[in-house]
Amino acid sequence: MLDIQTLRNDLAAVAARLATRGYALDTAKFEQLEAERKTIQTRTQELQAKRNALSKQIGVLAGSIARLNATEEHEQADFNILQIEQSKAEAGALGDELKQLETKLPLVLQEMEAFLSVIPNTPHSTVPVGKSEADNLEVRKVGEPTKFSFEVKDHVSIGEGLNGLDFDTATKIAGARFSLLKGPLARMHRALAQFMLDTHTEQHGYTETYVPYLVNAESMRGTGQLPKFEEDLFKVPRQMGEKEEHFYLIPTAEVPVTNMVRDTITPLEKLPLKYVAHTPCFRSEAGSYGRDTRGMIRQHQFDKVELVQIVHPEKSYEMLEELLGHAEIILQKLGLPYRVVKLCTGDMGFSAATTYDIEVWLPAQNTYREISSCSNFEAFQARRMQARFRNAQGKPELLHTLNGSGLAVGRTLVAVLENYQQADGSVKVPEVLRPYMGGMAIICAN
RNA sequence: GGAGAGGUGGCAGAGUGGUCGAAUGUACCUGACUCGAAAUCAGGCGUAGGUGCGAGCCUACCGAGGGUUCGAAUCCCUCCCUCUCCGCCA
(Lines give C-alpha, C1' and ligand atoms only; values in the text may rest on other atoms or scores of the structure.)
Protein backbone atom coordinates (compact mmCIF):
# COMPACT_ATOMS: atom_id res chain seq x y z
CA MET A 1 0.00 0.00 0.00
CA LEU A 2 1.18 3.48 -0.78
CA ASP A 3 1.42 6.12 1.91
CA ILE A 4 -1.80 8.12 1.94
CA GLN A 5 0.12 11.21 3.06
CA THR A 6 2.22 11.08 -0.08
CA LEU A 7 -0.92 10.84 -2.17
CA ARG A 8 -2.41 13.85 -0.42
CA ASN A 9 0.70 15.93 -0.82
CA ASP A 10 1.98 14.81 -4.18
CA LEU A 11 -0.83 13.19 -6.10
CA ALA A 12 0.30 14.19 -9.59
CA ALA A 13 3.85 12.92 -9.05
CA VAL A 14 2.62 9.55 -7.77
CA ALA A 15 0.24 9.26 -10.71
CA ALA A 16 3.10 9.95 -13.11
CA ARG A 17 5.29 7.26 -11.56
CA LEU A 18 2.47 4.73 -11.62
CA ALA A 19 1.81 5.54 -15.25
CA THR A 20 5.29 4.21 -16.11
CA ARG A 21 4.17 0.78 -15.03
CA GLY A 22 0.92 1.05 -16.94
CA TYR A 23 -1.35 1.90 -14.05
CA ALA A 24 -3.74 4.80 -14.49
CA LEU A 25 -4.36 6.29 -11.07
CA ASP A 26 -7.85 7.74 -10.80
CA THR A 27 -6.86 11.02 -9.20
CA ALA A 28 -10.34 12.49 -9.40
CA LYS A 29 -11.72 9.52 -7.49
CA PHE A 30 -9.05 9.93 -4.84
CA GLU A 31 -9.74 13.62 -4.42
CA GLN A 32 -13.45 13.00 -4.19
CA LEU A 33 -13.03 10.24 -1.57
CA GLU A 34 -10.59 12.37 0.37
CA ALA A 35 -12.93 15.36 0.41
CA GLU A 36 -15.81 13.19 1.55
CA ARG A 37 -13.73 11.57 4.23
CA LYS A 38 -12.55 14.90 5.53
CA THR A 39 -16.03 16.38 5.80
CA ILE A 40 -17.51 13.38 7.54
CA GLN A 41 -14.58 12.75 9.81
CA THR A 42 -14.22 16.28 11.12
CA ARG A 43 -17.97 16.63 11.68
CA THR A 44 -18.10 13.26 13.46
CA GLN A 45 -15.24 14.14 15.73
CA GLU A 46 -16.77 17.52 16.48
CA LEU A 47 -20.03 15.90 17.60
CA GLN A 48 -18.20 13.23 19.57
CA ALA A 49 -16.28 15.93 21.39
CA LYS A 50 -19.53 17.69 22.30
CA ARG A 51 -21.13 14.49 23.51
CA ASN A 52 -18.07 13.57 25.56
CA ALA A 53 -18.04 16.99 27.23
CA LEU A 54 -21.73 16.71 28.16
CA SER A 55 -21.32 13.16 29.45
CA LYS A 56 -18.38 14.16 31.53
CA GLN A 57 -20.39 17.02 33.00
CA ILE A 58 -23.23 14.63 33.84
CA GLY A 59 -20.77 12.41 35.60
CA VAL A 60 -19.44 15.24 37.71
CA LEU A 61 -22.91 16.47 38.64
CA ALA A 62 -24.15 12.97 39.44
CA GLY A 63 -21.21 12.47 41.73
CA SER A 64 -21.93 15.71 43.57
CA ILE A 65 -25.53 14.95 44.45
CA ALA A 66 -24.93 12.48 47.28
CA ARG A 67 -22.40 14.84 48.80
CA LEU A 68 -24.78 17.82 48.59
CA ASN A 69 -27.59 15.85 50.20
CA ALA A 70 -25.27 14.79 52.99
CA THR A 71 -24.47 18.42 53.72
CA GLU A 72 -28.15 19.35 53.53
CA GLU A 73 -27.69 21.45 50.42
CA HIS A 74 -30.87 20.10 48.92
CA GLU A 75 -31.55 23.12 46.79
CA GLN A 76 -28.23 22.80 45.00
CA ALA A 77 -28.79 19.06 44.63
CA ASP A 78 -32.16 19.60 43.00
CA PHE A 79 -30.63 22.17 40.69
CA ASN A 80 -27.93 19.69 39.67
CA ILE A 81 -30.53 17.03 38.93
CA LEU A 82 -32.22 19.51 36.63
CA GLN A 83 -28.88 20.23 34.98
CA ILE A 84 -28.33 16.53 34.43
CA GLU A 85 -31.69 16.17 32.75
CA GLN A 86 -30.94 19.12 30.55
CA SER A 87 -27.52 17.82 29.55
CA LYS A 88 -28.98 14.39 28.81
CA ALA A 89 -31.53 15.97 26.54
CA GLU A 90 -28.84 18.00 24.84
CA ALA A 91 -26.62 14.97 24.31
CA GLY A 92 -29.59 12.99 23.11
CA ALA A 93 -30.30 15.65 20.54
CA LEU A 94 -26.88 15.01 18.99
CA GLY A 95 -27.79 11.38 18.71
CA ASP A 96 -29.43 11.22 15.31
CA GLU A 97 -26.81 13.05 13.33
CA LEU A 98 -23.98 11.40 15.22
CA LYS A 99 -25.36 7.93 14.76
CA GLN A 100 -25.75 8.56 11.06
CA LEU A 101 -22.19 9.87 10.75
CA GLU A 102 -20.76 7.08 12.86
CA THR A 103 -22.33 4.61 10.48
CA LYS A 104 -21.12 6.45 7.42
CA LEU A 105 -17.55 7.17 8.47
CA PRO A 106 -16.30 3.59 8.50
CA LEU A 107 -17.92 3.06 5.10
CA VAL A 108 -16.04 5.99 3.62
CA LEU A 109 -12.81 4.87 5.27
CA GLN A 110 -13.35 1.38 3.90
CA GLU A 111 -13.95 2.78 0.46
CA MET A 112 -10.69 4.68 0.67
CA GLU A 113 -8.94 1.57 1.93
CA ALA A 114 -10.37 -0.46 -0.95
CA PHE A 115 -9.20 2.19 -3.40
CA LEU A 116 -5.69 2.27 -1.93
CA SER A 117 -5.29 -1.47 -1.60
CA VAL A 118 -5.47 -2.11 -5.35
CA ILE A 119 -2.88 0.52 -6.30
CA PRO A 120 0.46 -1.13 -7.16
CA ASN A 121 3.78 -0.04 -5.69
CA THR A 122 5.67 2.82 -7.29
CA PRO A 123 8.79 1.64 -9.16
CA HIS A 124 12.19 2.65 -7.82
CA SER A 125 13.90 5.40 -9.84
CA THR A 126 16.53 2.98 -11.16
CA VAL A 127 13.96 0.67 -12.76
CA PRO A 128 14.02 0.82 -16.57
CA VAL A 129 10.79 2.17 -17.99
CA GLY A 130 9.08 -0.24 -20.35
CA LYS A 131 5.91 -1.99 -21.32
CA SER A 132 6.68 -5.69 -21.29
CA GLU A 133 9.21 -8.46 -20.87
CA ALA A 134 10.86 -7.22 -24.07
CA ASP A 135 11.98 -4.05 -22.29
CA ASN A 136 13.72 -5.80 -19.40
CA LEU A 137 17.37 -5.08 -18.90
CA GLU A 138 19.91 -7.88 -18.99
CA VAL A 139 22.30 -7.28 -16.10
CA ARG A 140 24.74 -10.17 -16.58
CA LYS A 141 25.16 -13.59 -18.09
CA VAL A 142 26.95 -16.28 -16.15
CA GLY A 143 28.22 -19.41 -17.90
CA GLU A 144 27.77 -20.35 -21.52
CA PRO A 145 24.70 -22.14 -22.85
CA THR A 146 25.42 -25.85 -22.59
CA LYS A 147 26.73 -27.42 -25.82
CA PHE A 148 25.61 -30.85 -26.98
CA SER A 149 26.96 -33.17 -29.67
CA PHE A 150 23.56 -34.85 -30.05
CA GLU A 151 19.98 -33.75 -30.41
CA VAL A 152 18.75 -32.58 -27.00
CA LYS A 153 15.57 -33.87 -25.46
CA ASP A 154 13.32 -31.87 -23.20
CA HIS A 155 12.85 -32.77 -19.54
CA VAL A 156 9.60 -34.59 -20.26
CA SER A 157 11.24 -37.04 -22.65
CA ILE A 158 14.25 -37.43 -20.41
CA GLY A 159 12.13 -37.96 -17.29
CA GLU A 160 9.79 -40.43 -18.96
CA GLY A 161 12.71 -42.24 -20.47
CA LEU A 162 14.15 -42.67 -17.00
CA ASN A 163 10.78 -43.85 -15.73
CA GLY A 164 10.87 -41.05 -13.19
CA LEU A 165 8.32 -38.59 -14.50
CA ASP A 166 4.68 -39.61 -15.04
CA PHE A 167 2.23 -36.93 -16.11
CA ASP A 168 -0.54 -39.34 -17.12
CA THR A 169 -0.81 -40.71 -13.62
CA ALA A 170 -0.63 -37.23 -12.10
CA THR A 171 -3.49 -36.21 -14.36
CA LYS A 172 -5.53 -39.24 -13.29
CA ILE A 173 -4.96 -38.46 -9.63
CA ALA A 174 -5.45 -34.71 -9.74
CA GLY A 175 -5.77 -33.22 -13.22
CA ALA A 176 -3.79 -31.09 -15.60
CA ARG A 177 -0.78 -29.13 -14.34
CA PHE A 178 0.32 -31.64 -11.74
CA SER A 179 3.34 -33.88 -11.84
CA LEU A 180 4.42 -37.14 -10.32
CA LEU A 181 8.05 -38.03 -9.68
CA LYS A 182 9.41 -41.48 -8.93
CA GLY A 183 12.67 -43.09 -7.92
CA PRO A 184 15.94 -41.18 -8.41
CA LEU A 185 14.15 -38.18 -9.89
CA ALA A 186 11.94 -37.83 -6.83
CA ARG A 187 15.08 -38.18 -4.78
CA MET A 188 16.90 -35.54 -6.79
CA HIS A 189 13.97 -33.21 -6.26
CA ARG A 190 14.36 -33.70 -2.53
CA ALA A 191 18.15 -33.42 -2.78
CA LEU A 192 17.85 -30.05 -4.51
CA ALA A 193 15.66 -28.63 -1.75
CA GLN A 194 17.98 -29.95 0.95
CA PHE A 195 21.04 -28.60 -0.80
CA MET A 196 19.47 -25.17 -1.15
CA LEU A 197 18.33 -25.05 2.48
CA ASP A 198 21.72 -26.14 3.77
CA THR A 199 23.55 -23.61 1.64
CA HIS A 200 21.39 -20.70 2.77
CA THR A 201 21.42 -21.62 6.44
CA GLU A 202 25.07 -22.64 6.70
CA GLN A 203 26.67 -20.13 4.35
CA HIS A 204 24.31 -17.17 4.02
CA GLY A 205 23.04 -16.73 7.55
CA TYR A 206 19.36 -17.50 7.06
CA THR A 207 17.24 -19.05 9.78
CA GLU A 208 15.33 -22.10 8.63
CA THR A 209 11.59 -21.95 9.18
CA TYR A 210 8.68 -24.32 8.83
CA VAL A 211 5.46 -22.45 8.21
CA PRO A 212 1.72 -22.96 7.57
CA TYR A 213 0.73 -23.77 3.98
CA LEU A 214 -2.78 -22.49 4.59
CA VAL A 215 -3.10 -18.88 5.66
CA ASN A 216 -5.88 -16.45 6.47
CA ALA A 217 -7.07 -13.57 4.32
CA GLU A 218 -5.27 -11.03 6.50
CA SER A 219 -1.90 -12.56 5.64
CA MET A 220 -2.72 -12.59 1.93
CA ARG A 221 -3.65 -8.95 2.19
CA GLY A 222 -0.41 -8.16 4.00
CA THR A 223 1.86 -9.30 1.20
CA GLY A 224 -0.43 -7.97 -1.54
CA GLN A 225 -2.10 -11.09 -3.01
CA LEU A 226 -5.46 -9.84 -1.76
CA PRO A 227 -7.74 -8.20 -2.58
CA LYS A 228 -6.68 -7.88 -6.19
CA PHE A 229 -5.47 -11.36 -7.14
CA GLU A 230 -7.91 -13.69 -5.48
CA GLU A 231 -8.48 -15.59 -8.74
CA ASP A 232 -4.85 -16.72 -8.72
CA LEU A 233 -5.27 -18.45 -5.37
CA PHE A 234 -6.74 -21.73 -4.19
CA LYS A 235 -9.36 -21.11 -1.55
CA VAL A 236 -10.42 -23.52 1.18
CA PRO A 237 -13.77 -22.89 2.87
CA ARG A 238 -13.83 -22.79 6.61
CA GLN A 239 -16.78 -22.43 8.95
CA MET A 240 -16.28 -19.74 11.58
CA GLY A 241 -19.39 -19.77 13.73
CA GLU A 242 -22.17 -18.51 11.52
CA LYS A 243 -19.84 -17.06 8.92
CA GLU A 244 -18.04 -18.88 6.18
CA GLU A 245 -14.47 -17.74 5.89
CA HIS A 246 -11.55 -19.07 3.90
CA PHE A 247 -8.09 -20.37 4.22
CA TYR A 248 -5.88 -19.80 1.24
CA LEU A 249 -3.20 -22.16 -0.01
CA ILE A 250 0.06 -20.24 -0.15
CA PRO A 251 1.26 -19.34 -3.66
CA THR A 252 4.74 -18.80 -2.21
CA ALA A 253 6.39 -19.02 1.21
CA GLU A 254 6.77 -15.26 0.99
CA VAL A 255 3.24 -15.01 2.40
CA PRO A 256 3.58 -16.92 5.69
CA VAL A 257 7.20 -15.96 6.26
CA THR A 258 6.85 -12.23 5.65
CA ASN A 259 3.69 -12.15 7.75
CA MET A 260 5.70 -13.36 10.72
CA VAL A 261 6.37 -9.68 11.41
CA ARG A 262 2.82 -8.47 10.77
CA ASP A 263 1.58 -6.22 13.59
CA THR A 264 4.85 -6.38 15.44
CA ILE A 265 7.55 -3.91 16.35
CA THR A 266 10.97 -5.49 15.92
CA PRO A 267 13.81 -4.12 18.07
CA LEU A 268 16.42 -2.32 15.98
CA GLU A 269 19.24 -4.62 17.09
CA LYS A 270 17.42 -7.70 15.77
CA LEU A 271 17.64 -6.42 12.19
CA PRO A 272 18.06 -7.72 9.61
CA LEU A 273 15.81 -10.79 9.96
CA LYS A 274 16.74 -13.42 7.38
CA TYR A 275 14.50 -16.44 6.95
CA VAL A 276 14.50 -19.35 4.54
CA ALA A 277 11.62 -21.77 4.03
CA HIS A 278 11.06 -24.77 1.82
CA THR A 279 7.36 -25.10 1.02
CA PRO A 280 5.04 -26.26 -1.68
CA CYS A 281 3.39 -23.42 -3.60
CA PHE A 282 -0.10 -23.54 -5.03
CA ARG A 283 -1.28 -21.42 -7.93
CA SER A 284 -4.51 -21.59 -9.85
CA GLU A 285 -2.81 -20.35 -13.04
CA ALA A 286 -6.09 -18.81 -14.07
CA GLY A 287 -5.53 -16.95 -17.30
CA SER A 288 -2.51 -18.96 -18.39
CA TYR A 289 -4.44 -21.50 -20.45
CA GLY A 290 -2.31 -22.92 -23.20
CA ARG A 291 0.96 -21.56 -21.80
CA ASP A 292 3.66 -24.06 -20.88
CA THR A 293 1.21 -26.93 -21.00
CA ARG A 294 3.95 -29.49 -21.54
CA GLY A 295 6.13 -30.61 -18.67
CA MET A 296 6.58 -29.32 -15.14
CA ILE A 297 7.37 -25.69 -15.94
CA ARG A 298 3.99 -24.34 -14.93
CA GLN A 299 2.16 -26.36 -12.29
CA HIS A 300 -0.64 -25.92 -9.79
CA GLN A 301 1.74 -27.27 -7.16
CA PHE A 302 5.50 -26.87 -6.99
CA ASP A 303 8.18 -26.66 -4.35
CA LYS A 304 10.26 -23.61 -3.73
CA VAL A 305 12.98 -22.56 -1.32
CA GLU A 306 12.24 -18.97 -0.47
CA LEU A 307 14.52 -16.32 1.01
CA VAL A 308 12.92 -13.51 2.99
CA GLN A 309 14.62 -10.53 4.56
CA ILE A 310 13.13 -7.95 6.90
CA VAL A 311 15.47 -4.98 6.96
CA HIS A 312 16.13 -1.39 7.95
CA PRO A 313 14.81 0.91 5.21
CA GLU A 314 18.21 2.43 4.55
CA LYS A 315 19.71 -0.98 3.88
CA SER A 316 17.14 -2.53 1.59
CA TYR A 317 18.81 -1.97 -1.76
CA GLU A 318 22.15 -3.17 -0.49
CA MET A 319 20.39 -6.27 0.89
CA LEU A 320 18.60 -6.89 -2.40
CA GLU A 321 21.94 -7.25 -4.17
CA GLU A 322 23.10 -9.59 -1.44
CA LEU A 323 19.94 -11.70 -1.62
CA LEU A 324 20.19 -11.91 -5.40
CA GLY A 325 23.74 -13.18 -4.95
CA HIS A 326 22.54 -15.89 -2.55
CA ALA A 327 20.14 -17.19 -5.18
CA GLU A 328 22.78 -17.02 -7.91
CA ILE A 329 25.24 -19.09 -5.90
CA ILE A 330 22.87 -22.06 -6.03
CA LEU A 331 22.95 -21.99 -9.82
CA GLN A 332 26.71 -21.57 -9.82
CA LYS A 333 27.22 -24.55 -7.52
CA LEU A 334 24.92 -26.61 -9.69
CA GLY A 335 26.86 -25.53 -12.74
CA LEU A 336 23.81 -24.18 -14.53
CA PRO A 337 24.17 -21.30 -17.01
CA TYR A 338 21.93 -18.35 -16.25
CA ARG A 339 21.41 -14.68 -16.70
CA VAL A 340 20.13 -11.92 -14.44
CA VAL A 341 17.49 -9.56 -15.73
CA LYS A 342 16.23 -6.36 -14.17
CA LEU A 343 12.52 -6.11 -14.77
CA CYS A 344 11.16 -2.99 -16.40
CA THR A 345 8.33 -0.96 -14.90
CA GLY A 346 5.69 -2.71 -16.98
CA ASP A 347 6.77 -6.25 -16.11
CA MET A 348 7.06 -5.99 -12.33
CA GLY A 349 4.69 -7.58 -9.86
CA PHE A 350 2.06 -5.60 -7.98
CA SER A 351 3.96 -5.11 -4.71
CA ALA A 352 7.52 -4.74 -5.97
CA ALA A 353 9.55 -1.54 -6.24
CA THR A 354 12.46 -3.34 -7.89
CA THR A 355 12.72 -6.90 -9.19
CA TYR A 356 15.57 -9.00 -10.58
CA ASP A 357 14.68 -12.23 -12.31
CA ILE A 358 17.19 -15.01 -12.62
CA GLU A 359 16.70 -17.05 -15.76
CA VAL A 360 18.25 -20.45 -16.23
CA TRP A 361 19.33 -21.87 -19.56
CA LEU A 362 16.98 -24.58 -20.87
CA PRO A 363 18.61 -26.33 -23.86
CA ALA A 364 15.41 -27.92 -25.14
CA GLN A 365 13.70 -24.53 -25.31
CA ASN A 366 16.93 -22.93 -26.51
CA THR A 367 16.26 -20.01 -24.18
CA TYR A 368 16.52 -18.69 -20.65
CA ARG A 369 13.53 -19.30 -18.35
CA GLU A 370 12.70 -17.69 -15.02
CA ILE A 371 13.84 -19.72 -12.03
CA SER A 372 13.98 -17.01 -9.39
CA SER A 373 12.53 -13.60 -8.76
CA CYS A 374 14.16 -11.31 -6.20
CA SER A 375 12.34 -8.17 -5.14
CA ASN A 376 12.52 -5.21 -2.84
CA PHE A 377 9.05 -4.17 -1.72
CA GLU A 378 10.34 -1.23 0.27
CA ALA A 379 7.58 -0.28 2.77
CA PHE A 380 4.72 -1.39 0.54
CA GLN A 381 4.07 -4.70 2.32
CA ALA A 382 5.25 -3.40 5.69
CA ARG A 383 2.60 -0.67 5.57
CA ARG A 384 -0.13 -3.20 4.85
CA MET A 385 1.17 -5.41 7.63
CA GLN A 386 2.08 -2.69 10.11
CA ALA A 387 5.51 -4.29 10.34
CA ARG A 388 7.74 -1.84 12.13
CA PHE A 389 10.91 -1.36 14.09
CA ARG A 390 11.90 1.17 16.73
CA ASN A 391 14.26 3.73 15.24
CA ALA A 392 17.13 5.42 17.04
CA GLN A 393 14.68 7.99 18.43
CA GLY A 394 12.57 5.17 19.86
CA LYS A 395 9.71 5.81 17.43
CA PRO A 396 8.06 3.03 15.43
CA GLU A 397 8.94 3.19 11.75
CA LEU A 398 8.02 0.94 8.83
CA LEU A 399 10.47 -1.77 7.81
CA HIS A 400 11.40 -2.81 4.31
CA THR A 401 10.71 -6.34 3.10
CA LEU A 402 12.57 -8.35 0.46
CA ASN A 403 12.27 -11.82 -0.90
CA GLY A 404 13.57 -14.07 -3.61
CA SER A 405 13.38 -17.64 -4.74
CA GLY A 406 16.46 -19.54 -3.86
CA LEU A 407 15.31 -21.40 -6.02
CA ALA A 408 12.14 -22.84 -7.53
CA VAL A 409 12.82 -26.54 -6.99
CA GLY A 410 10.73 -27.97 -9.83
CA ARG A 411 12.25 -25.72 -12.43
CA THR A 412 15.72 -26.40 -11.06
CA LEU A 413 15.09 -30.12 -11.56
CA VAL A 414 14.02 -29.37 -15.13
CA ALA A 415 17.21 -27.39 -15.70
CA VAL A 416 19.42 -30.12 -14.24
CA LEU A 417 17.75 -32.82 -16.36
CA GLU A 418 18.11 -30.83 -19.54
CA ASN A 419 21.61 -29.46 -18.98
CA TYR A 420 23.08 -32.71 -17.61
CA GLN A 421 21.51 -35.09 -20.13
CA GLN A 422 23.69 -37.47 -22.08
CA ALA A 423 23.40 -39.07 -25.50
CA ASP A 424 22.19 -42.40 -24.08
CA GLY A 425 19.30 -40.78 -22.21
CA SER A 426 20.98 -40.91 -18.81
CA VAL A 427 21.54 -37.84 -16.65
CA LYS A 428 24.64 -36.97 -14.70
CA VAL A 429 24.14 -35.89 -11.10
CA PRO A 430 25.74 -32.51 -10.35
CA GLU A 431 28.66 -32.90 -7.96
CA VAL A 432 27.08 -30.90 -5.14
CA LEU A 433 23.96 -33.08 -5.10
CA ARG A 434 25.74 -36.41 -4.84
CA PRO A 435 26.12 -36.35 -1.04
CA TYR A 436 22.35 -35.87 -0.86
CA MET A 437 21.77 -38.86 -3.16
CA GLY A 438 23.83 -41.52 -1.50
CA GLY A 439 26.76 -40.80 -3.77
CA MET A 440 24.83 -41.50 -6.97
CA ALA A 441 26.73 -40.02 -9.95
CA ILE A 442 24.42 -40.86 -12.79
CA ILE A 443 20.74 -41.63 -13.29
CA CYS A 444 20.15 -44.36 -15.86
CA ALA A 445 17.01 -45.89 -17.26
CA ASN A 446 15.44 -49.06 -15.73
C1' G B 1 -15.28 -33.88 21.18
C1' G B 2 -16.32 -32.79 26.86
C1' A B 3 -15.22 -29.51 31.40
C1' G B 4 -13.08 -25.14 33.31
C1' A B 5 -10.03 -20.41 33.44
C1' G B 6 -8.44 -16.27 30.86
C1' G B 7 -7.41 -12.20 26.94
C1' U B 8 -5.93 -4.58 29.79
C1' G B 9 0.17 -0.27 27.97
C1' G B 10 7.43 -3.30 26.43
C1' C B 11 6.55 -6.78 30.62
C1' A B 12 3.86 -7.77 35.33
C1' G B 13 -0.77 -6.44 37.18
C1' A B 14 -5.24 -3.28 39.31
C1' G B 15 -9.68 -1.57 37.64
C1' U B 16 -16.87 -4.33 37.31
C1' G B 17 -21.23 2.12 34.48
C1' G B 18 -19.07 8.48 35.20
C1' U B 19 -13.17 13.84 35.47
C1' C B 20 -10.12 6.01 33.04
C1' G B 21 -5.94 6.33 27.97
C1' A B 22 -6.45 3.62 32.18
C1' A B 23 -3.74 2.87 39.43
C1' U B 24 0.69 0.49 40.92
C1' G B 25 5.23 -2.06 40.05
C1' U B 26 9.04 -2.88 36.53
C1' A B 27 11.79 -1.64 32.15
C1' C B 28 13.36 2.69 29.48
C1' C B 29 14.82 8.25 28.92
C1' U B 30 16.19 13.07 31.32
C1' G B 31 17.80 15.78 35.61
C1' A B 32 19.74 16.01 40.89
C1' C B 33 23.25 13.64 44.32
C1' U B 34 28.42 10.96 43.12
C1' C B 35 35.33 11.18 41.07
C1' G B 36 32.25 7.41 38.52
C1' A B 37 28.64 3.60 39.26
C1' A B 38 24.91 1.50 42.38
C1' A B 39 21.16 3.07 45.60
C1' U B 40 17.92 7.24 46.37
C1' C B 41 14.93 11.52 44.87
C1' A B 42 12.27 14.56 40.90
C1' G B 43 10.25 14.59 36.05
C1' G B 44 9.11 12.12 31.46
C1' C B 45 7.61 7.76 28.77
C1' G B 46 1.50 3.95 24.14
C1' U B 47 -0.45 3.66 18.99
C1' A B 48 -3.23 5.52 14.98
C1' G B 49 -5.98 9.48 12.89
C1' G B 50 -7.92 14.58 12.34
C1' U B 51 -6.85 19.83 12.67
C1' G B 52 -3.47 24.04 13.12
C1' C B 53 2.46 27.80 10.82
C1' G B 54 3.15 26.33 15.76
C1' A B 55 2.87 25.47 21.47
C1' G B 56 -1.37 22.77 21.13
C1' C B 57 -6.35 21.04 20.67
C1' C B 58 -9.65 17.08 19.27
C1' U B 59 -11.10 11.79 18.01
C1' A B 60 -10.49 6.56 18.25
C1' C B 61 -8.19 2.30 20.47
C1' C B 62 -8.39 -2.24 27.12
C1' G B 63 -8.80 -9.81 21.75
C1' A B 64 -12.63 -8.77 17.23
C1' G B 65 -17.55 -7.34 15.86
C1' G B 66 -22.47 -5.90 17.28
C1' G B 67 -25.99 -4.07 21.25
C1' U B 68 -27.83 -1.24 25.83
C1' U B 69 -26.80 3.99 27.81
C1' C B 70 -26.27 10.93 28.01
C1' G B 71 -21.75 7.99 29.06
C1' A B 72 -18.80 1.15 28.41
C1' A B 73 -12.22 -1.59 29.87
C1' U B 74 -16.55 -2.35 33.11
C1' C B 75 -23.37 -4.71 31.45
C1' C B 76 -25.63 -8.01 27.22
C1' C B 77 -24.95 -11.00 22.47
C1' U B 78 -21.83 -13.40 18.66
C1' C B 79 -17.11 -14.83 17.25
C1' C B 80 -11.65 -15.50 17.60
C1' C B 81 -7.42 -16.72 20.38
C1' U B 82 -4.60 -18.61 24.73
C1' C B 83 -4.05 -21.84 29.02
C1' U B 84 -5.43 -26.34 32.27
C1' C B 85 -7.76 -31.25 32.69
C1' C B 86 -10.20 -35.57 30.22
C1' G B 87 -11.06 -38.21 25.56
C1' C B 88 -9.43 -39.07 20.51
C1' C B 89 -5.59 -38.69 16.92
C1' A B 90 -0.45 -38.22 12.83
- Query: In terms of the nearest nucleotide of RNA chain B, which residue is placed more toward the 5' end: A:Ala62 or A:Lys50?
  - Reply: A:Ala62

- Query: What orientation do A:Phe389 and A:His312 show, parallel under 30°, tilted 30 to 60°, or perpendicular over 60°?
  - Reply: tilted

- Task: With the side chain counted from C-beta on, respond yes when A:Ser405 and A:Glu306 share a heavy-atom pair under 4.5 Å apart, and no when they do not.
- Result: yes

- Message: Are the side chains of A:Leu323 and A:His204 in contact, using a 4.5 Å heavy-atom criterion?
- Response: no

- Query: Between A:Thr258 (side chain) and A:Val255 (backbone), is there a donor-acceptor pair under 3.5 Å?
  - Reply: no

Taking N or O atoms only and anything under 3.5 Å, show me the protein contacts with nucleotides 45-50 of chain B, one pair per line.
{"unit_1": "B:rU47", "atom_1": "O3'", "unit_2": "A:Arg388", "atom_2": "NH1", "d": "3.2"}
{"unit_1": "B:rA48", "atom_1": "OP1", "unit_2": "A:Arg388", "atom_2": "NH1", "d": "3.1"}
{"unit_1": "B:rG49", "atom_1": "O2'", "unit_2": "A:Gln41", "atom_2": "NE2", "d": "2.9"}
{"unit_1": "B:rG49", "atom_1": "N2", "unit_2": "A:Gln45", "atom_2": "OE1", "d": "3.3"}
{"unit_1": "B:rG50", "atom_1": "OP1", "unit_2": "A:Arg8", "atom_2": "NH1", "d": "2.2"}
{"unit_1": "B:rG50", "atom_1": "OP1", "unit_2": "A:Arg8", "atom_2": "NH2", "d": "2.8"}
{"unit_1": "B:rG50", "atom_1": "OP2", "unit_2": "A:Gln5", "atom_2": "NE2", "d": "3.4"}
{"unit_1": "B:rG50", "atom_1": "O3'", "unit_2": "A:Arg37", "atom_2": "NH2", "d": "3.4"}

Taking NZ, NE, NH1 and NH2 as the nitrogens, is one of them in [X] or [Y] under 4.0 Å from a carboxylate oxygen of the other?
X        : Y        : result
A:Arg291 : A:Glu285 : no
A:Arg51  : A:Glu102 : yes
A:Arg369 : A:Glu418 : no

- Is atom CD of A:Glu244 surrounded by more than 12 heavy atoms (other residues, nucleotides or ligands) closer than 6.0 Å? yes

- Query: Nearest-Å distance, CD1 (A:Ile84) to C1' (B:rG18)?
  - Reply: 10 Å

- Task: Could you tell me whether A:Leu54 contacts a base, only the sugar-phosphate backbone, or nothing, with contacts defined as non-hydrogen atoms closer than 4.0 Å?
- Result: nothing

- According to a strict under-4.0 Å criterion, is A:Asn52 in side-chain N/O contact with OP1 or OP2 of B:rA60? yes

- Task: Return the stems involving RNA chain B, sorted by first number, where pairs are Watson-Crick (N1-N3 with N6-O4 or O6-N4) or G-U wobble (N1-O2 and O6-N3), both under 3.5 Å, and runs are 3 or more long.
- Result: B:1-7 with B:80-86, B:10-12 with B:24-26, B:28-32 with B:40-44, B:46-51 with B:56-61, B:63-67 with B:75-79

- A:Lys56 side chain: which of B:rU59, B:rG21, B:rG18 is closest? B:rG21

- Task: With P as the reference atom in both, quote the distance from B:rA12 to B:rC80 in angstrom, rounded to an integer.
- Result: 25 Å

